[in-house]
Amino acid sequence: MRIEKRQGHEGTGPGSITPDGCAVELYARLPIGGEPDIITAAVPAGVHILELGSGVGRMTHPLLERGFTITAVDESAEMLERVRGARTIRSTIEDLDLGETFDVVMLASFLVHTGDPAERRAFLQTCARHVAEDGCVLIQREGEDYHTNVPRERVDPSGFTLRIVSAEPVGDGVNSVHAEYEFPDATWTQTFRARPLTKDEFEGALGEAGLRVDRYLTKDGVWVRAVKG
């Protein structure tokens, strides 16, 4: 399966770079934060999660350790090679149609903010198509200041520095975001296109796919639990 490079997405640094500009070696190094705890608190124990855009398994592996069953989907074979203990499927999110449903569908990594509205609709339709009638969809949104609080820098306790260098408008409400990850022995960059969404715009996009917010899981509104209806 050949996947074309996504327009406006670039990456630099050692190792393989995926079509959306993600560096496999970089994501294999990045630590996981509090996300698995948020997810565990939001869904019943031990359910089957369809993880869309799993990457190298940064969330997959800690969720498996918590007793969940995971089907991990990613368009990058190099990413999926790093996933252990889960069923893996190589596919773009927008084209996925497994003919089965899951207790939980997860769309993390701010993928709902893709710059292309048609792609966003396809992502959310994939979520709706694969979630069980009594299941839920977990979505990770950008924070309110992600595109305005730039440049910004964070030094991670594990020893690397993340810089959001810029977020430059490229038209139609879309920004080109440039990020740098500096480690003692290597540096990676990623440039990608993202569309800021207000709460109303986000909820409207859910509605187009037949979904609605059940509740916001974090005070900053970044993690959301959605259901059908």
What heavy-atom pair brings [X] and [Y] nearest, and what distance separates the two atoms?
X: Cys22; Y: Gln190; answer: SG-NE2, 3.3 Å
X: Val83; Y: Ser54; answer: CG2-OG, 4.4 Å
X: Pro196; Y: Glu201; answer: O-OE1, 3.8 Å
X: Leu124; Y: Ala209; answer: CB-CB, 3.7 Å
X: Leu80; Y: Ala72; answer: CD2-O, 4.0 Å
X: Leu211; Y: Cys127; answer: CD1-CB, 4.5 Å

Under 4.5 Å between any side-chain heavy atoms of [X] and [Y], yes or no?
X: Leu107; Y: Leu138; result: no
X: Thr114; Y: Phe123; result: yes
X: Val137; Y: Val104; result: no
X: Thr126; Y: Asp95; result: no
X: Leu96; Y: His130; result: yes
X: Val24; Y: Thr18; result: yes
X: Tyr27; Y: Met79; result: yes
X: Leu50; Y: Val73; result: yes

From [X] [atom1] over to [Y] [atom2], what is the distance, rounded to the nearest 0.5 angstrom?
X: Ser166; Y: Asn175; atom1: OG; atom2: CG; answer: 9.5 Å
X: Glu182; Y: Thr189; atom1: CD; atom2: OG1; answer: 12.0 Å
X: Asp20; Y: Leu111; atom1: CG; atom2: CG; answer: 8.0 Å
X: Thr12; Y: Tyr181; atom1: OG1; atom2: OH; answer: 11.5 Å
X: Thr71; Y: Met106; atom1: OG1; atom2: CE; answer: 11.5 Å
X: His113; Y: Leu197; atom1: NE2; atom2: CG; answer: 5.0 Å

Side chain of [X], backbone of [Y]: donor and acceptor closer than 3.5 Å?
X: Asp74; Y: Gly55; value: yes
X: His9; Y: Pro19; value: no
X: Arg152; Y: Asn149; value: yes

Under 3.5 Å donor-acceptor pairs involving side-chain atoms of residues 31-43, not counting sequence neighbours:
{"from": "Glu35", "atom 1": "OE1", "to": "Gly33", "atom 2": "N", "distance (Å)": "3.3"}
{"from": "Asp37", "atom 1": "OD1", "to": "Arg66", "atom 2": "NH2", "distance (Å)": "2.8"}
{"from": "Thr40", "atom 1": "OG1", "to": "Pro36", "atom 2": "O", "distance (Å)": "2.7"}

Do [X] and [Y] sit in one hydrophobic cluster, given that two such residues count as connected whenever their side-chain heavy atoms are within less than 4.5 Å of each other, even indirectly?
X: Val56; Y: Leu26; answer: yes
X: Val224; Y: Val222; answer: no
X: Ile164; Y: Val170; answer: no
X: Val105; Y: Tyr216; answer: yes
X: Val213; Y: Val131; answer: yes

Going by atom types alone, do [X] and [Y] pair a side-chain donor with an acceptor below 3.5 Å?
X: Thr191; Y: His178; answer: yes
X: Thr148; Y: Asp145; answer: no
X: Asp220; Y: Thr218; answer: yes
X: Ser158; Y: Asp156; answer: yes

Looking at [Y] and [X], is there a salt bridge between them, counting it only when a charged N and a carboxylate O are closer than 4.0 Å?
X: Glu203; Y: Arg212; answer: no
X: Asp172; Y: Arg195; answer: yes
X: Arg90; Y: Glu75; answer: no
X: Glu100; Y: Arg87; answer: yes

*asked:* Please identify which of these residues, Ile139, Ile93, Ile89, meets the side-chain contact (heavy atoms from CB on, under 4.5 Å) condition with Leu52.
replied: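 That would be Ile93; it is the only one of Ile139, Ile93, Ile89 passing the side-chain contact (heavy atoms from CB on, under 4.5 Å) with Leu52.
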*Could you check whether the rings of His48 and Phe102 sit parallel, tilted or perpendicular, using 30° and 60° as the cut-offs?*
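It falls in the perpendicular class, over 60°.
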*asked:* Please verify the inter-ring angle class for Trp188 with Phe183; under 30° counts as parallel, over 60° as perpendicular, anything in between as tilted.
replied: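 The arrangement is perpendicular - the two ring planes meet at more than 60°.
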_Can you list everything that forms a ring pair (Phe, Tyr, Trp, His ring centres under 6.0 Å) with His147? Sequence neighbours excluded, please._
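By the ring pair (Phe, Tyr, Trp, His ring centres under 6.0 Å) rule, His147 matches no residue at all.
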*Within 45° of the axis and under 6.0 Å from the centre of the six-membered ring of Phe202, does NZ or CZ of Arg141 qualify?*
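Yes, a cation-pi geometry holds between Arg141 and Phe202.
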